[in-house]
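What follows is a set of notes on a single structure, which appears directly below.
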Amino acid sequence: MAIRDESTSSAELRKDGVFHRAGVNASSKTKHLAPPVKSQCDDLKGKWLATQDAVEEELVAQANLAQAEVEAQDEVRVMELDLLRRTGKRREEPQYKGLFPKGLVAALEPRGKEQADELNALAKRLDAHAPALWKQYGKSLKQLAQKLLDDNAQKEAAEQEVAQAEIAERLSRAALVKVMQKNEGSLLTLFPGDKRKVRSFFRPVKKSPKKPSPGNEGGNR
């Protein structure tokens, strides 16, 4: 019998389980084999839904972090324009160099935790080189840095939740496969020599179409 392994998607493997459960449940001789399959199918459904919920939470966390990153970049750009107005658009001025020693692009490139570190460092440079700008932007830069740290931590936590949910889902798939394999052995005992009968309790596996051999892509002529 072709029983697919846990590398099969949860959706397809659960279909196999539902088909098998219904088949053995239809006969009084095999009805006792149905409950373990139903239990494991239900467990797999729950694990699959938990994975989907975790993936959605991860997407939310990713979106929140992305918006925090853009907001931080916008604040730095606004501050840099303000600085340019004060320095007569001269980026070679000591005050500008003090705030952006590697240029504006270098201050905008980091993401996540590194971006938060850059904002905090920029706030310190503001305090040292441009007290007037510090009063206007220092607090907001620190707040944005903290938001980046918080959102990045939430994203990392969400990634861990997804990883754990996927492991649990895969283990549930493996458990369902094991139940069906065990039932296969029981069915072979109940119907010795009747492989056709035993095969009927399992959902048919579609065979992948054969690829044409090299040089024969067009078929026989």
Side-chain angles (χ1 to χ4, degrees), residues 1-26 30-73 109-119 144-188 198-211:
M1 280 17 84
I3 298 175
R4 293 183 283 192
D5 63 22
E6 63 270 20
S7 65
T8 306
S9 72
S10 295
E12 286 302 309
L13 196 58
R14 188 169 178 276
K15 288 178 184 177
D16 292 349
V18 170
F19 183 97
H20 176 59
R21 176 182 61 80
V24 296
N25 196 50
T30 57
K31 203 177 187 71
H32 63 286
L33 299 175
V37 186
K38 182 181 185 307
S39 176
Q40 199 53 52
C41 280
D42 291 346
D43 181 79
L44 180 55
K45 183 178 181 179
K47 295 295 193 302
W48 178 80
L49 288 173
T51 299
Q52 302 314 301
D53 288 342
V55 168
E56 288 184 8
E57 288 300 317
E58 182 185 17
L59 289 170
V60 171
Q62 289 174 348
N64 288 339
L65 178 59
Q67 290 303 310
E69 290 171 344
V70 170
E71 187 179 359
Q73 288 178 326
E109 281 181 344
R111 293 291 184 273
K113 183 180 181 299
E114 290 73 22
Q115 189 177 17
D117 292 341
E118 175 59 30
L119 288 185
L144 288 169
Q146 187 58 53
K147 189 172 190 308
L148 282 167
L149 290 174
D150 293 343
D151 288 348
N152 188 71
Q154 289 179 7
K155 180 184 76 73
E156 291 179 347
E159 289 171 347
Q160 286 297 316
E161 287 292 329
V162 170
Q164 292 172 7
E166 287 177 342
I167 290 172
E169 185 182 346
R170 187 178 182 87
L171 290 173
S172 185
R173 289 202 300 268
L176 177 56
V177 170
K178 188 173 181 179
V179 167
M180 289 193 290
Q181 289 173 338
K182 183 178 179 181
N183 277 5
E184 179 186 29
S186 297
L187 289 166
L188 287 169
V198 174
R199 190 180 300 115
S200 70
F201 290 101
F202 297 91
R203 182 175 172 236
V205 177
K206 293 182 180 179
K207 294 182 179 180
S208 301
K210 290 183 178 180
K211 295 182 179 179

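Residue numbers start at 1 and run along the sequence shown. Reckoned from all heavy atoms, side chains included, excluding hydrogens, waters and symmetry mates.
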Pair K147 + D151, salt bridge at N-O below 4.0 Å: yes

Spatial distance of atom CG (N64) from atom CG (L148) [nearest 0.5 Å]: 11.5 Å

Spacing of CZ belonging to R170 relative to CD1 belonging to I167, to within rounding of 0.5 Å: 10.0 Å

Steps toward ring-ring contact (aromatic ring centres under 6.0 Å, His included) verdict (F201, H20): CA-CA 5 Å; F201 290 101; H20 176 59; 7.0 Å; no

Spacing of CD belonging to E69 relative to CD belonging to E71, to within rounding of 0.5 Å: 11.5 Å

Over all atoms of both residues, closest heavy-atom pair of L33 and S186: CD2-CB, 4.0 Å

Donor-acceptor contact present, side-chain K155 to main-chain Q62, <3.5 Å: no

Heavy-atom pair of closest approach, residues R173 and S9: CD-C, 4.0 Å

Intermediate values then yes/no, side chain to side chain donor-acceptor pair (under 3.5 Å), T51 and E166: CA-CA 6 Å; T51 299; E166 287 177 342; over 6 Å; no

Flag side-chain contact, heavy atom, 4.5 Å: L13 against M180: yes

Nearest atoms (heavy-atom pairs only) where F19 meets S200: CE2-O, 3.7 Å

side-chain contact (heavy atoms from CB on, under 4.5 Å) between F202 and E184, intermediate numbers included: CA-CA 9 Å; F202 297 91; E184 179 186 29; 3.8 Å; yes

Working for side chain to side chain donor-acceptor pair (under 3.5 Å), residues Q146 and D150: CA-CA 6 Å; Q146 187 58 53; D150 293 343; 3.0 Å; yes

Closest non-hydrogen atom pair between A72 and L119, with its separation: CB-CD1, 3.7 Å

Closest contact, heavy atoms only, K47 versus E169: CB-CA, 3.8 Å

All side chain to side chain donor-acceptor pair (under 3.5 Å) counterparts of Q40, not counting sequence neighbours: D43, S172

Pairwise distance CD(E114) to CG(D117) - rounded to 0.5 angstrom: 6.5 Å

Inter- and intrachain pairs under salt bridge (Lys or Arg N to Asp or Glu O under 4.0 Å), touching residues 52-63, at least two apart: none

Side-chain touch E109/E118, heavy atoms, less than 4.5 angstrom: no

Results of salt bridge (charged side-chain N to carboxylate O under 4.0 Å, His left out) for D16 - residues two or more places apart only: R4, R203

Minimum heavy-atom distance R14-D42, with the two atoms named: NH2-OD1, 4.4 Å

Distance in Å, L176 CG paired with L171 CG, rounded so as to fall on 0.5 Å steps: 13.0 Å

Distance (rounded to the nearest 0.5 Å) between K15 NZ and E12 CD: 4.0 Å

Backbone of V177 reached by a side-chain donor or acceptor of E6 within 3.5 Å: no

